[in-house]
Amino acid sequence: MFHVKQPEGSDFDVVVVGGGHAGTEAAHAAARLGARTALVTLKADAIGTMSCNPAIGGLGKGHLVREVDAMDGVMGRAADAAGIQFRLLNRSKGPAVQGPRTQADRRLYREAVQAMTRACAGLTVIEGEAADLILEGGRAAGLRLADGSAIRARAVVLTTGTFLNGVIHVGDRSRPGGRLGEPPSKALADRLYGLGLPMGRLKTGTPPRLDGRTIAWDRLEMQPGDEDPVMLSFLSEGPVVPQIACGITRTNSVTHAIIRDNLHRSAMYGGHIAGVGPRYCPSIEDKVVRFADKDSHQVFLEPEGLDDDTVYPNGISTSLPAEVQEAYVRSIAGLERAVITQPGYAIEYDYVDPRALTPALALKALPGLFLAGQINGTTGYEEAAAQGLVAGLNAAREAKGEGPVEFSRATSYIGVMIDDLVSRGVSEPYRMFTSRAEFRLSLRADNADQRLTPAAREWGLVGEARWAAFAAKMEALEAARSDLRARRFTARRLHAAGLNLAPDGETRDGLGVLALADAGWEHLAALDPTLVLPAPWVQAQLRREAQYAQYLDRQARDAEALKREEARRLPPDLDYAAIPGLSFELRQKLERLRPATLRHAAQIDGMTPAALLLLAARLKARE
Ligand code: FAD
């Protein structure tokens, strides 16, 4: 049990509000820096709760988890401890866009986060509601809890998720709530409004949960995990709990007819919700309306745990009334007798416009106050965790009187996300995609530790065990790299070995050979019998590095070209619909906003480097 109650006047370096994904990473990061840290949360036994889908990682999100892990964060290790199905998404594509993901046993995930939290030196958990900020000398100096007690601190981090003025909607019924079964945070929201912060309203939704014993699994297609699971943490070697398969089914024309007939009763479409929802996690109502030409959508049936019969039907989040949810669920193959154990619902909540923040996630208007997670307009556990780590790190530095640390777009997805948030703001819940990164060829999930662990060690985030493991890994890689650099292979020999290059080309070293599209370690071993093959993971890592090295120049040139072109004017009559490759989302935004220059276009939320290159190419073609 946590349940530590502090006496009046408790004094900390950093106090974090919220025990979700942002809050736990923030509190752990601050404590790792040696800050005396308090984590204040509404329910201590809900620390580490996954409010929506039971999965960690995925496209773009897996990169964020690896970056958090590279800095000794909590999320990757907890996900691996709870992982019941590991899949590397985009496996058939290049490593830069592959996303490690695991479906997690909800209870095991929560328990892993709570065990790490209990074991974290310098971290005190306090159960209670933060109701107000203590302000002194124009800066945040602590919190006042709802019971009137005060917690003083040099820096405060707010990570209140979907709780600020949260309202839960099921059909036309709504009630206050931060998530199902938990009260919203109203007093703190009032305080933030009182500070004059720019705030808005967003929404998100979750599907009904099903009783797995009432699903006809034998009639469904089953999807097992990968045979060679890829873990989320650099420190994990393999799954530690039994692995399961998920079921796959589909909606059909009957499902869609039920939904269409009841749209007016949906909270989203019935006019009860003002907030903007996540474009990339649409409700089933959204899908039926927006993709009216599609008569079927895939639904993944994901068991929520090994000892839990609850099933999460991924793909049908909703805010329709409970009886309509039951009718459409039962129209789906394999779910004809499915029993709903908890209805789906939508939640609407306040967020703070992240343009009010510095790149260190500090509020510009109120020194000492940091914000992270869903409160900044993002959606997703991984986005929250990554911001939490940055806010906790910077709050601890502030408490020590040290300057802020900022993350660059060139070296991390964390840098991409924070730059997007603080410079462009959000018009809908922000989630990470690899397409948001202009340097995505070098920002791979597999090299997050090489990009971030050394700097994080200097900041004090990385403990001895991880540093020793990282050093051993680097030593093994460097030994194999320098061995390959020392070996020479003439083009004639490589050609004769069946590799696709002209026999009169240059001589290559071993890394240069691995850079050839059709070359592998087996070619090197055949060409040079004195080569001692390194461990399989070293082979795989060096091949990835070699394959990508050749593209890095082009990536740098593209980024440079975009910088040079920023001042170019976009004609007011530019026909965005005629630019092939531009996504529907960006076309809509460009048509509505009609930016004057490429620089202005770059400021539109959701704009990607690839789309900017398309615009630049169109301008060139018009010259
Ligand atoms: P949370 O995980 O929400 O944690 C907030 C914490 O703050 C909680 O521990 C709470 O107790 C605490 N807290 C709040 N106010 C106070 C206070 N005043 N005092 C003390 N403690 C306080 N994400 C997706 O990626 N895709 C989805 O489809 C999706 N759907 C969702 C549907 C629903 C219904 C909900 C609720 C969330 C959904 N999410 C989804 C969002 C996902 O849950 C969040 O992005 C993620 O949990 C955010 O992490 P966080 O740490 O910012 O906040």
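Here the structure is a predicted model, which is why all the values come from computation and not from measurement. Counting convention: from 1, in listed order, for ligands and their atoms alike. Along the sequence shown, residues are numbered consecutively beginning with 1.
The residue Lys203 has no part lying near ligand 1, judged by heavy-atom distances below 4.0 Å. Counting heavy atoms closer than 4.0 Å to ligand 1, residue Ala130 contributes atoms from both its backbone and its side chain. Contacts with ligand 1 closer than 4.0 Å are made by heavy atoms of both the backbone and the side chain of Thr379.
A salt bridge links Arg265 with Glu323: at least one charged nitrogen is closer than 4.0 Å to a carboxylate oxygen. In summary, Arg152 and Asp11 do not engage in a salt bridge, as defined by a charged side-chain N under 4.0 Å from a carboxylate O. Between Glu302 and Arg101 there is a salt bridge, since a side-chain N of the basic residue sits under 4.0 Å from a carboxylate O of the acidic one. Under 4.0 Å is where a charged nitrogen must lie from a carboxylate oxygen, and between Asp605 and Lys589 at least one such pair does.
Ligand 1 lies nowhere less than 4.0 angstrom from a heavy atom belonging to Met50. Ligand 1 lies within reach of Gly205, whose nearest heavy atom is under 4.0 Å from it. Taking a 4.0 Å cut-off on heavy atoms, Ala187 fails to register as neighbouring ligand 1.
Considering both main-chain and side-chain atoms, Gln374 comes within under 3.5 Å of ligand 1 through a nitrogen or oxygen pair. For His21, a nitrogen or oxygen atom sits less than 3.5 Å from a nitrogen or oxygen atom of ligand 1, counting backbone and side chain alike. For a threshold of 3.5 Å applied to N or O pairs, the pair formed by Gly380 and ligand 1 contains at least one separation below that value. Residue Ala384 places no N or O, backbone or side chain, under 3.5 Å from any N or O of ligand 1. The shortest N/O to N/O separation between Gly19 and ligand 1 falls below 3.5 Å. When only interatomic distances are considered, the shortest N/O to N/O separation between Thr204 and ligand 1 falls below 3.5 Å.
Each of the atoms 52 (O) of ligand 1 lies under 4.0 Å from some heavy atom of Gly373. The distance from ligand 1 to the heavy atoms of Thr41 drops below 4.0 Å at these ligand atoms: 9 (O), 11 (O), 12 (C), 20 (C), 21 (N). In the vicinity of Thr159, heavy-atom distances shorter than 4.0 Å reach the ligand 1 atoms 5 (C), 6 (C), 7 (O). Ligand-side atoms of ligand 1 in range of Tyr345: 34 (C), range being under 4.0 angstrom from any heavy atom. When each atom of ligand 1 is checked for a heavy atom of Val17 under 4.0 Å away, the hits are 17 (C), 19 (N), 20 (C), 21 (N). Contact atoms of ligand 1 toward Gly20: 2 (O), 4 (O), 6 (C), 9 (O), 51 (O) (distance under 4.0 Å to a heavy atom of the residue). Interface atoms of ligand 1 facing Thr206, defined by a heavy-atom separation under 4.0 Å, are 32 (C), 34 (C). For ligand 1, the atoms lying closer than 4.0 Å to a non-hydrogen atom of Thr162 are 3 (O), 36 (C).
Under a 3.5 Å cut-off, the side chain of Asn262 and the backbone N or O of Ile258 do form a donor-acceptor pair. Of the possible polar contacts, none joining the Tyr430 side chain to the Leu421 backbone as a donor-acceptor pair under 3.5 Å is found. With hydrogens and angles disregarded, no donor-acceptor distance shorter than 3.5 Å links the side chain of Arg179 to the backbone of Thr162.
One distance of note links OG of Ser266 with CD1 of Ile259; it measures 9.5 Å at 0.5 Å rounding. A distance of 12.0 Å separates CG of Leu188 from OH of Tyr193, quoted to the nearest 0.5 Å.
Aromatic ring orientation, Trp459 versus Phe407: perpendicular (interplanar angle above 60°, classes split at 30° and 60°).
Side-chain contact annotation: Thr310 with Asp308, donor-acceptor N/O pair under 3.5 Å present. A donor atom on one side chain and an acceptor atom on the other are found under 3.5 Å apart for Glu285 and Thr318. For the residue pair Asp211 / Thr341, no side-chain donor-acceptor distance below 3.5 Å is found, with atom types taken as modelled.
Proximity annotation for atom 38 (C) of ligand 1: of Cys52, Ala372, Ala22, Cys52 comes nearest, heavy atoms only.
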